[in-house]
Q: 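My questions all concern the structure below.
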Amino acid sequence: MPELPEVETTVKGLQAKVLLRTFVDVWSDWKKMVKKPNFELFKKELQGKKIIKVWRRAKNVIFDLSDGYSLLVHMKMTGHLMYGIWNMKNNTWQARKDGPLKEKINGYLHIIFFLDNGSQIALSDYRKFAKVELWKTEELLTSKEFNSWGPEPLEKSFTLAKFKEVLKHKKGRIKQVIMEPKVIAGVGNIYSSEALWWAKIHPEKSASKLTDKELKSLYDAIKKVLQQGINLGGESFADYRNVEGEKGHFGSQRMVYKREKESCKRCNTIIVRKKFGGRSAFFCPKCQKP
DNA sequence: AATCGTTCCTGATAGC
DNA sequence: TGCTATCAGGAACGAT
């Protein structure tokens, strides 16, 4: 599932490919993925808009366009954006003009954006939870939703004091709290599990019960695992791929996520998987005591 | 105000 | 063997 490092990897990949390109058309076989405005209007309004900037806020990919518009894409759980040249006739695609011809078009492409140089950006999503929205930039930046998201954990302004401030009055389980978009941006199931392992904190511990030492450890761990994720091009345990359709390498660094019944790399204890709040937490019952 | 349950999807897997 | 039931999971939203 794309979290901050995966979205960041996607953004970097797109920056290298699509800056200053202009949208000429859009195709979709699942039009309700476009939430704003309706698909027909979306298609009409997007045509002729030039991509000026590609950036990330929380887990959203944002394309700033000409005429004061912004295109927002949230990949949710199983989505990923790919760039390339699709050949509808023989069902193939190339990530680069001079690159190898990939055997088959990914079977889950639900939106394809056609660019003015003959290339395309495609949104693949087998669970169809992804969302796409076209905003006036000013409206997006001042919207309730945009301003509800928590701080960016890798920005300088995210200090330890800021971390403590956002956790204030939070009594819920720490894992669920740090996964909440309104608390901190970009942290999901993978990186919350990993950060808690590094910080030696049990995922079900109440956020309000963390000691100062634990808060500092967790703060450091969140930044550490996210940066490591970016450095390794994200995690591809499930569906995530970069814009060229390739896997990320964070998997090799996973300490707990999806490692239940394997041994803890610190103390050899068997890693446990426990579901709460509708999600699976992975942790070492010895290193991360309740 | 904080927290919990529901909703959107479909491939994989468990159970019979 | 083949069918059906269950599950995963980001995050907005409504209910409590």
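Order of the sequence lines sets the chain letters (A, B, ...), proteins ahead of strands, with each chain counted from 1. On a predicted model such as this, the values are computed, not experimentally measured, just so you know. Scope of the values below: all heavy atoms of this structure, side chains included, with no hydrogens, waters or symmetry mates.
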Q: Please identify the 5'-most and 3'-most nucleotides of DNA chain C with any atom under 4.0 angstrom from a heavy atom of chain A.
A: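 Footprint of chain A along DNA chain C, 5' to 3': dA8(C) to dA12(C).
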Q: Identify, with sequence neighbours excluded, every residue that meets salt bridge (charged side-chain N to carboxylate O under 4.0 Å, His left out) alongside K289(A).
A: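 Counting only residues at least two positions away or on another chain, K289(A) forms no salt bridge (charged side-chain N to carboxylate O under 4.0 Å, His left out).
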Q: Answer with base, sugar-phosphate or nothing: what part of the nucleic acid does E3(A) contact at a heavy-atom distance below 4.0 Å?
A: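 No contact.
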Q: Of all residues at least two apart in sequence or in a different chain, which pass the salt bridge (charged side-chain N to carboxylate O under 4.0 Å, His left out) check with E194(A)?
A: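 E194(A): no salt bridge (charged side-chain N to carboxylate O under 4.0 Å, His left out) contacts found.
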Q: Can you tell me the distance, in whole Å, between the NZ atom of K31(A) and the P atom of dC9(B)?
A: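 So the two atoms are 15 Å apart, to the nearest Å.
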Q: When clusters are formed from ILVMFWY side-chain contacts under 4.5 Å, directly or step by step, what else is grouped with F129(A)?
A: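 Taking Ile, Leu, Val, Met, Phe, Trp and Tyr as members, F129(A) shares its hydrophobic cluster with M77(A).
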Q: Counting neighbours of NZ on K247(A) that are heavy atoms of other residues, nucleotides or ligands and sit closer than 6.0 Å, is the number greater than 12?
A: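 It does not: K247(A) NZ has 12 such atoms or fewer within range.
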Q: Filter on salt bridge (Lys or Arg N to Asp or Glu O under 4.0 Å), then keep only pairs touching residues 109-121 of chain A, sequence neighbours left out; what's left?
A: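 Salt bridge (Lys or Arg N to Asp or Glu O under 4.0 Å) check on residues 109-121 of chain A returns R21(A)-D116(A).
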Q: Applying a 4.0 Å non-hydrogen cut-off, can you work out what K275(A) is touching in the nucleic acid: base, sugar-phosphate, or nothing?
A: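 Sugar-phosphate contact only.
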Q: Scan residues 274-285 of chain A for pairs that pass side-chain hydrogen bond (donor to acceptor under 3.5 Å, both in side chains), counting only residues two or more places apart or in two chains.
A: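 Checked against side-chain hydrogen bond (donor to acceptor under 3.5 Å, both in side chains) - neighbours excluded - the pairs reaching residues 274-285 of chain A are E204(A)-K274(A), R273(A)-S280(A).
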Q: NE2 of H110(A) versus C1' of dG11(B): gap in Å, rounded?
A: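 Rounded to whole Å, this separation is 12 Å.
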Q: List in numerical order all residues of residues 176-190 of chain A for which some heavy atom is under 4.0 Å away from an atom belonging to DNA chain B.
A: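 Under 4.0 Å from DNA chain B: no residue of residues 176-190 of chain A.
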Q: Once you apply a heavy-atom cut-off of 4.0 Å, does S280(A) come out as touching a base, just sugar-phosphate, or nothing?
A: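 Result for S280(A) = sugar-phosphate.
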Q: Rounding to 10°, can you tell me the angle the first-five-pair axis of the helix from dA2(B)-dT16(C) to dC16(B)-dG2(C) makes with its last-five-pair axis?
A: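 That helix has its two terminal axes inclined by roughly 60°.
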Q: Could you tell me whether R273(A) contacts a base, only the sugar-phosphate backbone, or nothing, with contacts defined as non-hydrogen atoms closer than 4.0 Å?
A: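 Touches sugar-phosphate only.
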Q: Which part of the nucleic acid, if any, lies within reach of K168(A) when heavy atoms closer than 4.0 Å are counted: base, sugar-phosphate only, or nothing?
A: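 It contacts nothing in the nucleic acid.
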Q: Would you say NZ of K286(A) has more than 12 non-hydrogen atoms from neighbouring residues, nucleotides or ligands within 6.0 angstrom?
A: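 No, NZ of K286(A) has 12 or fewer neighbouring heavy atoms, counting only those of other groups under 6.0 Å.
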Q: May I ask you to check whether Y191(A) and Y257(A) place their ring centres under 6.0 Å from each other?
A: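 Not under 6.0 Å, so no.
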Q: Using the test side-chain hydrogen bond (donor to acceptor under 3.5 Å, both in side chains), find all partners of S206(A) that sit at least two apart in sequence or belong to another chain.
A: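 side-chain hydrogen bond (donor to acceptor under 3.5 Å, both in side chains) check on S206(A) returns S208(A).
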Q: What protein N or O atoms touch nucleotides 5-8 of chain B N or O atoms at under 3.5 angstrom, if any, and at what distances?
A:
none

Q: Give a yes or no on whether a salt bridge exists between E139(A) and K36(A), defined as a side-chain N under 4.0 angstrom from a carboxylate O.
A: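 Yes, charged N to carboxylate O under 4.0 Å.
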Q: Atom CD of residue position Q47(A) - does it have more than 12 heavy atoms of other residues, nucleotides or ligands inside 6.0 Å?
A: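 Count over threshold, so yes.
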Q: Run through the side-chain heavy atoms of Ile, Leu, Val, Met, Phe, Trp and Tyr, join any pair under 4.5 Å, and report what else lands in F276(A)'s cluster.
A: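 Cluster partners of F276(A): none, it stands alone.
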Q: With a 4.0 Å cut-off on heavy atoms, is Y191(A) in touch with a base, just the backbone sugar-phosphate, or nothing at all?
A: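 Contact class for Y191(A): none.
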Q: Report the hydrophobic cluster partners of V272(A), with the cluster defined as I, L, V, M, F, W, Y residues connected by side-chain heavy atoms closer than 4.5 angstrom, directly or transitively.
A: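 Members alongside V272(A): F283(A).
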